[in-house]
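Comments concern the structure below.
Chain naming here is simple, since letters A, B, ... match the order of the sequence lines and numbering starts at 1 in each.
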There are 2 protein chains.
Amino acid sequence: MPSPTPHATCEGARQILDAALEAFATHGYSGASMHAIAQQAGVSKANVFHHFASKELLYLAVLRTAAQRWRENLVPIAQSNACFADQLKLLVQRVLDHLVSESAQSRVVLREMLENGALRGRELSEEIFNDNFRIETGVFRRAQANGELRAGVDPILAWAATLAACLFFFQTRDVLRFNPDFPYAEAPERFAQGIRDVLLNGIAAHPDLS
Amino acid sequence: MPSPTPHATCEGARQILDAALEAFATHGYSGASMHAIAQQAGVSKANVFHHFASKELLYLAVLRTAAQRWRENLVPIAQSNACFADQLKLLVQRVLDHLVSESAQSRVVLREMLENGALRGRELSEEIFNDNFRIETGVFRRAQANGELRAGVDPILAWAATLAACLFFFQTRDVLRFNPDFPYAEAPERFAQGIRDVLLNGIAAHPDLS
DNA sequence: GTCTATAAACTGATAGAC
DNA sequence: GTCTATCAGTTTATAGAC
């Protein structure tokens with residue numbers, strides 16, 4: 001009987017997961033076929049069902065893996081003792097780099113939120129996203145406690161604006177790349193630097209509470 | 001013979017487009033069936049193929065409609081004469097409201113952007129984005145010319161951070177709704193207000209160029 | 001015996017044709 | 001409105017390897 005979470009040591013299961021990740025990220029849940037996944041993984045279709053009892057469970061395993069990788073990449077930031085500006089720099093760099101270099105994992109999660117967020121929202125939130133939420137917002141909460149984050153700002157909004165900019169870069173990059181007026185598609189580090197300035201110092205010429 | 005762009009005056013075609021929009025947004029391209037779309041539109045499947053020669057062309061027509069609606073909602077902002085703070089307020093409100101109230105159209109476009117192959121309708125996505133890009137960035141460029149946007153800031157980055165926050169709210173709302181630490185899912189206007197403050201005034205306690 | 005793999009067959013849904 | 005050829009996910013039977 002196929003176990004819900006196959007051993008990571010099993011090479012076959014890992015190759016299936018890799019192939020499934022790419023397929024789901026590229027074609028969506030319905031658009032990805034078990035046949036194509038099996039072929040890409042170099043195993044038979046029946047073998048896929050040996051490791052994962054159903055397409056749904058395979059998909060969930062892919063999502064869980066993506067969440068785990070994301071968490072692994074962000075935990076070190078939360079444990080850093082650097083000043084807020086440096087932590088923000090590290091956070092933006094890490095998130096942008098993770099999004100771009102692990103593009104398939106990022107796409108599969110973003111897609112899931114668009115396709116099924118309302119239906120699977122609760123489970124996703126509880127099982128996958130709440131951990132990352134706590135880790136990431138912690139950076140901003142501690143900065144406010146240290147007096148490095150402006151007192152009037154909700155740390156959650158500061159986190160949201162930061163993560164939003166990273167996600168925006170990732171999601172619109174392939175489209176804006178062909179826009180001659182957008183010079184950042186090929187320069188993530190320049191985008192990151194500019195966004196940090198915008199976030200830290202604001203965009204208003206004459207700061208004012210409105 | 002089915003025309004690529006059926007007359008908007010034709011009631012049947014409009015109902016098919018509405019049903020297709022909802023189906024594609026909810027189930028994805030592959031997950032949406034022509035049978036279900038026809039049934040939802042209250043017409044026969046053959047009638048769907050009469051108006052749209054293939055599933056692919058129906059999908060492209062849906063994307064085109066979504067792009068047009070988005071543009072219609074944003075053009076008035078670019079023509080406003082209000083001060084920058086008010087224009088920013090209007091922009092965030094309009095974008096957030098459009099995303100939420102026209103959720104199906106927004107989801108269909110955002111999902112299309114996540115397609116890796118970009119084989120289908122990438123030119124369309126570019127067309128959507130480049131038109132809106134000019135309209136939206138114009139608000140920030142003029143603000144800088146008027147001395148209302150801080151001189152050191154690239155207007156494009158200011159635009160990106162603004163739009164990013166709106167998209168982030170829309171995309172993560174259904175997941176963060178179940179997170180007890182995120183209080184904004186049911187309060188878009190509070191989120192908009194907080195984001196405007198973050199964008200205009202920054203999050204650093206002691207502004208510094210880093 | 002359990003684990004891993006496969007081929008072949010089954011059932012239902014699909015896009016599209018007539 | 002019916003038909004069809006195709007392809008989807010899934011199951012069953014089978015068989016070598018540790």
Side-chain angles (χ1 to χ4, degrees), chain A residues 1-65 108 111-112 115-116 119-120, chain B residues 1-6 10 12-13 15-64 108 111-112 115-117 119-121:
Chain A
M1 184 180 27
S3 64
T5 311
H7 303 108
T9 56
C10 177
E11 189 57 24
R14 252 213 45 239
Q15 279 179 311
I16 292 169
L17 273 176
D18 284 349
L21 168 65
E22 203 60 46
F24 285 132
T26 305
H27 303 107
Y29 179 80
S30 302
S33 85
M34 296 296 267
H35 171 72
I37 290 170
Q39 201 166 330
Q40 177 67 29
V43 300
S44 71
K45 199 165 65 159
N47 186 250
V48 175
F49 280 96
H50 168 71
H51 288 289
F52 303 91
S54 69
K55 187 182 187 181
E56 179 89 8
L57 286 176
L58 172 57
Y59 179 68
L60 291 177
V62 165
L63 277 186
R64 208 169 294 123
T65 304
V108 96
R111 238 199 151 103
E112 169 62 25
E115 293 190 12
N116 232 323
L119 299 177
R120 262 199 280 258
Chain B
M1 179 178 34
S3 63
T5 312
C10 175
Q15 279 179 308
I16 292 169
L17 274 176
D18 283 350
L21 169 65
E22 203 59 47
F24 285 133
T26 306
H27 303 107
Y29 178 79
S30 303
S33 86
M34 296 296 269
H35 171 72
I37 290 171
Q39 200 165 331
Q40 177 66 28
V43 302
S44 72
K45 203 166 64 158
N47 188 258
V48 175
F49 280 99
H50 166 71
H51 287 291
F52 303 91
S54 69
K55 186 182 185 179
E56 179 90 8
L57 286 176
L58 173 57
Y59 177 70
L60 291 177
V62 164
L63 276 186
R64 207 170 295 121
V108 120
R111 193 211 318 273
E112 174 62 29
E115 296 272 339
N116 195 21
L119 305 172
R120 189 175 45 206

Worked verdict on B/L17 versus B/L58 for side chain to side chain contact (heavy atoms under 4.5 Å, CB included):
CA-CA 8 Å; B/L17 274 176; B/L58 173 57; 4.1 Å; yes
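Following rounding to the nearest Å, A/I16 (CD1) and C/dA5 (C1') show an atom-to-atom distance of 10 Å.
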Using a 4.0 Å heavy-atom cut-off, write out nucleotides 8-15 of chain C from 5' to 3' as B (base contacted by protein), S (sugar-phosphate only) or - (no contact).
------SB
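Under the side chain to side chain contact (heavy atoms under 4.5 Å, CB included) criterion, A/S30 pairs with B/S30, sequence neighbours left out.
Look at A/H50 and you won't find any side-chain N or O under 4.0 angstrom from OP1 or OP2 of C/dA5.
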Contacts table for residues 33-47 of chain A: side-chain donor-acceptor under 3.5 angstrom, sequence neighbours left out:
{"residue": "A/S33", "atom": "OG", "partner": "A/A36", "partner atom": "N", "Å": "3.0"}
{"residue": "A/H35", "atom": "NE2", "partner": "A/Q39", "partner atom": "OE1", "Å": "3.0"}
{"residue": "A/S44", "atom": "OG", "partner": "A/N47", "partner atom": "N", "Å": "3.1"}

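Within the structure, every pair that satisfies the salt bridge (Lys or Arg N to Asp or Glu O under 4.0 Å) test and touches residues 46-61 of chain A, not counting sequence neighbours, is listed here: A/E56-A/R120. Residue pairs satisfying the side-chain hydrogen bond (donor to acceptor under 3.5 Å, both in side chains) criterion with at least one member in residues 15-24 of chain B, sequence neighbours excluded, are listed as follows: B/R14-B/D18.
Remark: side-chain polar atoms of A/R111 are not paired, donor with acceptor, to backbone N or O of B/R111 under 3.5 angstrom.
Running 5' to 3' along DNA chain D, contacts with non-hydrogen atoms of chain A at under 4.0 Å begin and end at D/dA8 to D/dT11.
To the nearest 0.5 Å, atoms CG (A/L57) and CZ (A/F49) are separated by 10.5 Å.
With 3.5 Å as the limit, one finds no donor-acceptor pair spanning the side chains of B/E112 and B/Y29.
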